[in-house]
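Data block below; observations after.
Owing to the predicted nature of the structure, the values given are computational and were not obtained by experimental measurement. For the numbers below, each heavy atom of this structure counts, side chains included, while hydrogens, waters and symmetry mates do not. So that the names make sense, note that chain A is the first sequence line, chain B the second, and so on, each numbered from 1.
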Protein chains: 2
Amino acid sequence: MNIYDIADKAGVSIATVSRVLNNSTNVSQKTRQKVLDVMETLGYTPNAFARGLNLNTMKMIGVLCTDVSDVFYAKAVSVIENSLRQHGFDAILCCTGDNIEDKKKYMNLLLEKRVDALILVGSTFKEKLDNSHIEKIASSIPVIIINGLITLPNTYCILSDEFQAIYDNVVRLCHKGYENVLYLYDVDTFSGSQKLNGYKNAIKDCGLTINNDLIIKVPKDLNDIKEALSNLLKKGIVPSAVLASEDILAIFAMKSLTEKGYTIPKDIPIIGFNNSLLAECSTPSLTSIDNMVGNLCTTAVTTLTNVFSGEDVPHKITISCKLVERDTFIP
Amino acid sequence: MNIYDIADKAGVSIATVSRVLNNSTNVSQKTRQKVLDVMETLGYTPNAFARGLNLNTMKMIGVLCTDVSDVFYAKAVSVIENSLRQHGFDAILCCTGDNIEDKKKYMNLLLEKRVDALILVGSTFKEKLDNSHIEKIASSIPVIIINGLITLPNTYCILSDEFQAIYDNVVRLCHKGYENVLYLYDVDTFSGSQKLNGYKNAIKDCGLTINNDLIIKVPKDLNDIKEALSNLLKKGIVPSAVLASEDILAIFAMKSLTEKGYTIPKDIPIIGFNNSLLAECSTPSLTSIDNMVGNLCTTAVTTLTNVFSGEDVPHKITISCKLVERDTFIP
DNA sequence: TTGAAAGCGCTACCAT
DNA sequence: ATGGTAGCGCTTTCAA
């Protein structure tokens, strides 16, 4: 069934039907109602492809992340999807995994689907790397990057100030006398390096020297973390506090240290990052830095709609984090 | 830029360009290469809307769930998206929330986008309720339902055998002497009632009587659960074991009971459901029933592709769960 | 206020 | 193997 059928039954032209469909003002109330009635009784649904072909948009946004099953990305995608919908957009989800070639491939697939924009969540693209590809995309549609920084025309970055958050908390720990702060992280994304820099700068600014044994890169796996901590302790190094780039790392560290006889937080306070559900579920519950993912994502969508409406939009917006106090560290 | 531009530059007709685009065999190797070269140098991207208008498909599937930020749905959506992509489909994500009117609205939006099928994850629709709406949709596109049961033409249900899983574990607990098994749940979805029935039937089949005080419906909130358990204990009822419809409920119950001086699992063993990351993160780690969400979702996608290729597909596929043993209950 | 008709960019059928 | 052309269902301009 199409616009012609409706026009026939209603005794008007397809132009009029189209006008009704698009809420055009130039239709008499009587005609409009007649057309609407016919649509209703026939159960007509406009064809979005034909519409898209004319308007060159189907109001769809491509949302890319490495993996929605990760709690952080899941929350982000959830908020993004809801905000987009409130603005009349659908979200095409694309979980790319870590491989950079796959990412490019998937971006191209989304481009072929003629999405109106791309939102990259926690892109693992680092500055200076592979910008050519993003550049090509940004030349045709806006690209919003959440927790990633790329300086190119038509790209907009929404960042949580992870550098500052880590910096502040390391400084705080140092000032409370915890000078051997162990830092755990797992990936070298933009976000990852921001955090790591926060740690390093804080250590320096506290007048301490960076001990590379206290900076451990380790996968999100309990056994790997147990092993890493065993090795550390074997070297005779006992961390005075632990800070992790993600809650799960902090929790696994807590489990490992508890197993080795340390009491958390009495012996070793621990701080996680993301303030995820995991933080609430662990025992003792995990003090964690909240990266304000909800804010980040709604800001991203607002930014996007502003771009669409031709407003002057800043290239970079930074949102501060906040510490959520629970049992593993009380400031 | 369109197919005409390519045809011009390559000195062929648009028909030939279209053939190259669609990998038709009736093109000489020489012509094909020439056209491909032109496409490459001009950076041509075919217009999916025009293509969709002709073929009446853009190879997109609507994926509905209440909320992707929930760990279970996140995992499900992740697997579904990946499987769909392997079959050349994109996933339009739609988080509906719990409101049934919203669900209907969103389903209609997806229909308007002319998706090729709908996958409902953990629908809260109950049998006999609101089938008319699904029926209408299923009359135009296939509807796959994960952990929900609706018997209608062109609907296909992929279920995890949650009834049996709960049943078996309650029976197991009873046989080990734990006769006052507390059952915690939070929602009355199809899935929810399957589990509850499993509990009730098991209690009966063990020759015990159902004690309604031991069946508690409570939100996924630590304080609510603390309060519910306090009330239970005040009545003088101490559960001999706890079974929960979701890991998070089990974990909060564990926290509450630990706080009240009980030792888990020595005093009270606990079993969760979903085998989520939370189970691994809690202390002690949570024994949990794995609902095989990965299997469920890949089966759903396979089922869908079979429907598309016109194969004879069963209306209902049930996949059994399995108990993953950790520290809170060792059978 | 309404209608006629020209696209939008592609696919697929029919010729050649 | 290639080209011509009629749609696909809609929006939008121009006329009336």
Are Met1(A) and Thr45(A) close enough that some pair of their side-chain heavy atoms sits under 4.5 Å apart?
no
Test side-chain contact (heavy atoms from CB on, under 4.5 Å) on Thr96(B) and Lys105(B); report intermediate values, then the result.
CA-CA 9 Å; Thr96(B) 59; Lys105(B) 196 176 75 189; over 6 Å; no
Checking side-chain contact (heavy atoms from CB on, under 4.5 Å) against Thr299(A), which of Thr303(A), Leu296(A), Thr302(A) comes through?
Thr303(A)
Between CG of Asn56(B) and P of dC10(D) the distance, given in whole Å, is 11 Å
So, do Phe49(B) and Asn54(A) sit near enough that their side-chain heavy atoms are less than 4.5 Å apart?
no
Asn274(B) side chain reached by Val71(B) side chain, heavy atoms, under 4.5 Å
no
Separation of atom CE in Met39(A) from atom P in dG9(D), rounded to whole Å:
15 Å
Quick one: do Asp90(B) and Lys113(A) make a salt bridge, cutoff under 4.0 Å?
yes
Counting only side-chain nitrogens and oxygens, does Thr16(B) get under 4.0 Å of the OP1 or OP2 atom of dT2(D)?
no
Below 3.5 Å is the cut-off: list the nitrogen or oxygen pairs between protein and nucleotides 4-8 of chain D, distance only.
| from | atom 1 | to | atom 2 | distance (Å) |
| --- | --- | --- | --- | --- |
| dG7(D) | N2 | Asn54(B) | OD1 | 2.5 |
| dG7(D) | N2 | Asn54(B) | ND2 | 3.4 |
| dC8(D) | O2 | Asn54(B) | OD1 | 3.4 |
| dC8(D) | O2 | Asn54(B) | ND2 | 3.2 |

Show the numbers, then the answer: is there a side-chain contact (heavy atoms from CB on, under 4.5 Å) between Cys95(B) and Leu93(B)?
CA-CA 7 Å; Cys95(B) 307; Leu93(B) 181 62; 4.2 Å; yes
Enumerate the salt bridge (charged side-chain N to carboxylate O under 4.0 Å, His left out) contacts for residues 305-316 of chain A, please, sequence neighbours excluded, ordered by first and then second residue.
none
Between P of dG9(D) and CD of Glu112(B), the distance in whole Å
16 Å
What one should report as the nearest heavy-atom pair of Tyr73(B) and Val68(B) is CB-CA, 4.2 Å
For Val17(B), answer base if it contacts any base atom (sugar-phosphate contacts may also be present), sugar-phosphate if it contacts only those atoms, and nothing otherwise; contact means non-hydrogen atoms under 4.0 Å.
nothing
Within the structure shown, what part of the strands sits under 4.0 Å from Ser18(B) by heavy-atom distance: base, sugar-phosphate, or nothing?
base
What is the separation between atom CD on Gln33(B) and atom C1' on dA1(D), rounded to the nearest whole Å?
17 Å
Without decimals, in angstroms, what is the distance between Leu21(A) CG and dG9(D) P?
14 Å
Interatomic distance, Asn26(A) CG vs dT13(D) C1' [rounded to whole Å]
13 Å
Take atom CD1 of Ile6(A) and atom P of dG9(D), then tell me their distance rounded to the nearest Å.
12 Å
Go through DNA chain C in 5' to 3' direction and return only the first and the last nucleotide with some atom under 4.0 Å of chain A's heavy atoms.
dT1(C) to dG9(C)
